[in-house]
Asker: 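Before we start, here is the structure in question, set down as structure tokens.
We count ligands from 1, going down the list as the structure has it; atoms in each ligand are counted the same way.
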Amino acid sequence: MTMTSLPPIALFDMKAQQALIRAELDQRLAAVLDGGRFINGPEVAELEQKLAGFAGCAHAVGVSSGTDALQIAMMGEGIGRGDAVFLPAFTYTATAEVPLVLGATPIFVDVDPVTFNIDLADLKRRIALVEAEGRLRPAAVVGVDLFGLPAEWPAIEVLCAEKGMFALDDAAQAFGAALGGKRLGRFGHATALSFYPTKTLGCYGDGGALLTEDADRAELWRSLRTHGEGRTRYEVERTGMNGRLDTIQATILLAKLPLLEGELAARTRTALAYNAGLAGKVQVPPAVAGHAWGLYSILLADAPARARVQEACKAAGVPTAIYYPKSLHRQPAYAAAHAGGIAAGAPELPVAEDLCQRILSLPMHPYLSEAEVARVVAAVAAAV
Ligand SMILES: *Cc1c(COP(=O)(O)O)cnc(C)c1O
């Protein structure tokens with residue numbers, strides 16, 4: 001039997017998981033259909049309690065997406081015109097989009113070549129440049145836990161405390177990850193989650209949540225997600241948005257959450273097997289305890305080597321993807337903001353640019369078999 005006659009492997013797999021909980025899902029969804037409370041049903045509050053319990057934090061607020069979680073968190077701090085929001089250049093577009101939508105200026109920061117997360121030295125350097133110019137107020141740092149690996153939160157927290165800046169954890173790819181035995185949700189002032197279907201905990205549509213230890217922030221976010229409503233439904237206290245998590249998505253997440261602990265362990269087993277098979281052949285990600293392994297990404301020698309590996313994997317029925325092909329400061333939508341953010345001329349972002357040429361993500365989900373993992377390793381190893 002040749003490699004190509006084997007069934008293709010899934011980059012993400014939501015079918016295997018659904019099969020495990022399909023009967024329960026059908027039952028829970030039927031109850032929502034019968035109850036008819038599609039907005040603010042009791043499932044939303046139940047999920048919020050369980051999310052906070054899982055993360056070990058005080059409060060969870062369900063919202064309509066990961067992007068809206070970031071937006072509601074920044075609106076809560078009054079971030080807008082004249083504010084500088086520091087964020088890694090190597091991340092998903094939503095991280096940079098939100099400050100711009102609010103009229104603030106994203107300041108792109110370079111990333112670490114091993115962890116792919118925000119580089120602390122470069123962050124400090126860019127904060128100093130913004131301070132020296134005196135045009136923008138350094139307002140917030142958005143740390144992203146890229147691919148599920150926590151950013152350097154203790155150091156980011158110290159820096160933000162020193163500067164009076166808002167520390168926002170974009171944990172959209174990392175729900176379930178931990179740092180020093182403490183799950184994300186308790187680092188910084190606020191943690192944003194996405195329940196996009198392929199994330200570590202995903203619903204069947206759009207959804208997200210905000211986590212915090214701070215009761216006042218949680219209360220403010222509940223108002224902001226409901227058009228800024230006050231104590232009564234028809235009192236509008238502030239400008240908000242329609243940013244609620246709907247009952248059906250909350251219900252789906254309630255059925256999936258009990259699987260998450262085991263799924264995180266399965267992701268870790270796969271990542272460790274990949275690392276064992278590929279270390280020394282390509283640059284493998286650090287196998288740090290607490291990594292949520294939302295994605296598994298290797299670094300090839302250069303762009304042609306990556307293209308060769310992608311081709312060989314495709315021929316072997318192994319899908320791959322490039323997260324991300326372009327550093328955000330090079331995206332047409334953000335280039336002008338980047339050029340204007342530090343008018344005196346911002347330093348280059350060499351690591352982010354280099355990673356975009358060489359990064360490659362391999363199949364990663366909790367339902368990969370050992371045989372599939374071996375096939376992925378063999379396909380990559382044969383091509384480098
Ligand atoms: C997925 C993602 C988001 C956005 O989440 P949505 O639920 O799709 O809005 C934000 N930041 C990062 C890093 C992400 O990966």
Asker: For the side chain of E46 and the backbone of L254, is there at least one donor-acceptor N/O pair under 3.5 Å apart?
Answerer: no

Asker: For a ring pair (Phe, Tyr, Trp, His ring centres under 6.0 Å) check, start with the C-alpha distance between F147 and Y323, then their side-chain angles and the critical distance, and finish with the verdict.
Answerer: CA-CA 9 Å; F147 305 151; Y323 303 107; 7.2 Å; no

Asker: Between F175 and F54, how do the two ring planes meet: parallel, tilted or perpendicular, split at 30° and 60°?
Answerer: tilted

Asker: Strictly under 6.0 Å, is that where the ring centroids of H189 and F166 end up?
Answerer: yes

Asker: Name each N or O atom in ligand 1 that is under 3.5 Å from a protein N or O, and give the partner atom and the distance.
Answerer:
unit_1: ligand 1; atom_1: 5 (O); unit_2: S194; atom_2: OG; d: 3.3
unit_1: ligand 1; atom_1: 7 (O); unit_2: G66; atom_2: N; d: 2.8
unit_1: ligand 1; atom_1: 7 (O); unit_2: S194; atom_2: OG; d: 2.6
unit_1: ligand 1; atom_1: 9 (O); unit_2: G66; atom_2: N; d: 3.3
unit_1: ligand 1; atom_1: 9 (O); unit_2: T67; atom_2: N; d: 2.8
unit_1: ligand 1; atom_1: 9 (O); unit_2: T67; atom_2: OG1; d: 2.5
unit_1: ligand 1; atom_1: 11 (N); unit_2: D170; atom_2: OD1; d: 3.2
unit_1: ligand 1; atom_1: 11 (N); unit_2: D170; atom_2: OD2; d: 2.8
unit_1: ligand 1; atom_1: 15 (O); unit_2: Q173; atom_2: NE2; d: 2.8
unit_1: ligand 1; atom_1: 15 (O); unit_2: K199; atom_2: NZ; d: 2.7

Asker: Identify all side-chain donor-acceptor contacts of residues 33-40 below 3.5 Å with residues at least two apart in sequence or on another chain.
Answerer:
unit_1: R37; atom_1: NH2; unit_2: N40; atom_2: O; d: 2.8

Asker: Should E24 and R28 count as an ion pair when the cut-off is N to O under 4.0 Å?
Answerer: yes

